[in-house]
Amino acid sequence: AHRVQARLGWDTPSSMQVRLSDVLSVDTILLRSAWPDFRACVDGMLGALVTVDRLPAEQLRPAGKLVCEREEIASTAMVDIGVSIPHARFAGVDGITAALAACPQGVYDHGLGLPIEIVVLVLTSPALTTEHLRFLASLSELLQSERTRRAIVQAASAQQVLALIAEQERGGVRAAG
């Protein structure tokens, strides 16, 4: 937890925005990954967070249950652009943690043949309500760009995805779309 807090800059003023590039790593970016349904997708992505010690193994099941329950209340899938941002405020994590999966054929099928090509799963400590909402808003804004989404889905490596996201967050070349 301390390592994650240090990476997120908890020692900086609270006005600092936590960015997706701050919480992703090459080990939490899953390219060409596909699952048969939403629940399997969530479990697979949470497994990646467990592997890199961003989520304690004993918290995988409770986190998955909470994310899926939240999704049943209101879907986070934006089927018109092929993006889903499942998220939950979860006491089993400190700070904000995330995993990203992308696949041109769809990470999972939302139904009626509508593939979701990019999924960003987000878990945030319940103490960080404002930060959670700001993070989700900035993530949604980032993924509104067709060019950014295409670049993520077609990326050759996790390093390429991380560099692209960091460039966009720094206000690099604005992707039209």
Side-chain angles (χ1 to χ4, degrees), residues 4 18-21 23-93 95-126 128-129 131-146 148-155 157-158 161-162 164-165:
V4 173
V18 176
R19 299 182 293 186
L20 183 58
S21 60
V23 298
L24 285 179
S25 71
V26 294
D27 297 318
T28 60
I29 297 173
L30 311 169
L31 298 180
R32 320 259 181 299
S33 295
W35 289 276
D37 57 35
F38 179 78
R39 179 60 199 233
C41 173
V42 168
D43 288 345
M45 294 179 78
L46 289 173
L49 293 174
V50 168
T51 299
V52 296
D53 297 324
R54 303 263 180 94
L55 177 69
E58 66 274 8
Q59 296 296 328
L60 189 146
R61 230 182 265 284
K65 182 175 187 271
L66 188 61
V67 169
C68 289
E69 286 172 353
R70 197 261 163 242
E71 191 72 13
E72 286 177 16
I73 293 169
S75 176
T76 61
M78 295 172 270
V79 293
D80 55 324
I81 62 171
V83 170
S84 181
I85 307 174
H87 60 275
R89 293 175 48 223
F90 181 65
V93 297
I96 298 173
T97 191
L100 181 149
C103 183
Q105 295 76 34
V107 175
Y108 72 93
D109 185 72
H110 189 267
L112 303 173
L114 300 170
I116 300 298
E117 295 180 338
I118 299 172
V119 178
V120 182
L121 184 138
V122 179
L123 295 176
T124 307
S125 168
L128 302 175
T129 302
E131 293 86 346
H132 178 74
L133 295 174
R134 285 183 184 156
F135 184 81
L136 292 174
S138 66
L139 178 55
S140 180
E141 182 179 336
L142 175 77
L143 294 173
Q144 289 301 312
S145 163
E146 160 90 41
T148 298
R149 292 192 312 272
R150 284 299 116 234
I152 290 170
V153 168
Q154 296 171 357
S157 68
V161 171
L162 198 53
L164 168 80
I165 291 169

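Count residues from 1 along the sequence.
- Between the SG atom of C68 and the CG atom of D43 there is a distance of 6.5 Å, given to the nearest 0.5 Å.
- Residues L49 and L121 form a side-chain contact, since some pair of their non-hydrogen atoms from C-beta on lies under 4.5 Å apart.
- Between Y108 and F38, the two ring planes are perpendicular [angle over 60°; tilted spans 30° to 60°].
- Side chain of E71 to backbone of P86: no donor-acceptor contact under 3.5 angstrom is found.
- Ion pairing of R134 with E131 is absent here, as no side-chain N (NZ or NE/NH1/NH2) approaches a carboxylate O to less than 4.0 Å.
- Rounding to the nearest 0.5 angstrom, the gap separating the OG atom in S21 from the CG atom in L164 is 10.5 Å.
- The ring-ring contact (aromatic ring centres under 6.0 Å, His included) analysis of residues 54-82, with sequence neighbours excluded, yields no pairs.
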Run the side chain to side chain contact (heavy atoms under 4.5 Å, CB included) check on H132 and I96 step by step: do they pass?
CA-CA 7 Å; H132 178 74; I96 298 173; 5.7 Å; no
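- With no hydrogens or angles considered, a side-chain donor-acceptor pair links T129 and R89 at under 3.5 Å.
- Evaluation of the ring-ring contact (aromatic ring centres under 6.0 Å, His included) rule for H110 yields no partner, not counting sequence neighbours.
- C41 approaches V107 most closely through the heavy-atom pair SG-CG1, 3.6 Å.
- With hydrogens and angles ignored, the 3.5 Å screen pairs a side-chain donor or acceptor of T51 with a backbone N or O of G47.
- Applying the salt bridge (charged side-chain N to carboxylate O under 4.0 Å, His left out) test to residues at least two apart or on different chains, the pairs with a partner in residues 108-126 are E117-R150.
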Would I118 and V120 count as a side chain to side chain contact (heavy atoms under 4.5 Å, CB included) here? Give the steps.
CA-CA 7 Å; I118 299 172; V120 182; 4.2 Å; yes
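- Among residues two or more places apart in sequence or in another chain, the side-chain contact (heavy atoms from CB on, under 4.5 Å) test is passed with A63 by L46, L55, F90, L123.
- Counting heavy atoms from C-beta on, the side chains of V161 and L31 come closer than 4.5 Å.
- For the pair C103 and A34, the tightest heavy-atom approach, listed with the atom from each and the gap, is SG-CB, 4.5 Å.
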Check step by step if side chain to side chain contact (heavy atoms under 4.5 Å, CB included) holds for T97 and V122.
CA-CA 6 Å; T97 191; V122 179; over 6 Å; no
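- In terms of heavy atoms, A40 sits closest to D37 at N-OD1, 2.8 Å.
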Check step by step if side chain to side chain contact (heavy atoms under 4.5 Å, CB included) holds for L128 and V18.
CA-CA 11 Å; L128 302 175; V18 176; over 6 Å; no
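- When each of I85, L100, I165 is tested with L139 by the rule side-chain contact (heavy atoms from CB on, under 4.5 Å), just one qualifies, namely I85.
- For F135, there are no ring-ring contact (aromatic ring centres under 6.0 Å, His included) partners at least two apart in sequence or on another chain.
- Contact check for H87 versus T124: no side-chain heavy atoms found under the 4.5 Å cut-off.
- Judged purely by atom type and a 3.5 angstrom limit, R149 uses its side chain to pair as donor or acceptor with the backbone of L143.
- Residue E141 holds its CD atom at 8.5 Å from CD of Q144, rounded to the nearest 0.5 Å.
- Side-chain contact between V67 and V42: present, with at least one pair of heavy atoms (C-beta onward) separated by less than 4.5 Å.
- In terms of modelled atom types and a separation under 3.5 Å, the side chain of S140 and the main chain of A137 share no donor-acceptor contact.
- Using a distance-only test at 3.5 Å, with no hydrogens or angles considered, no donor-acceptor pair links the side chain of R54 to the main chain of A48.
- For the salt bridge (charged side-chain N to carboxylate O under 4.0 Å, His left out) condition, no pair includes a residue of residues 24-33, sequence neighbours left out.
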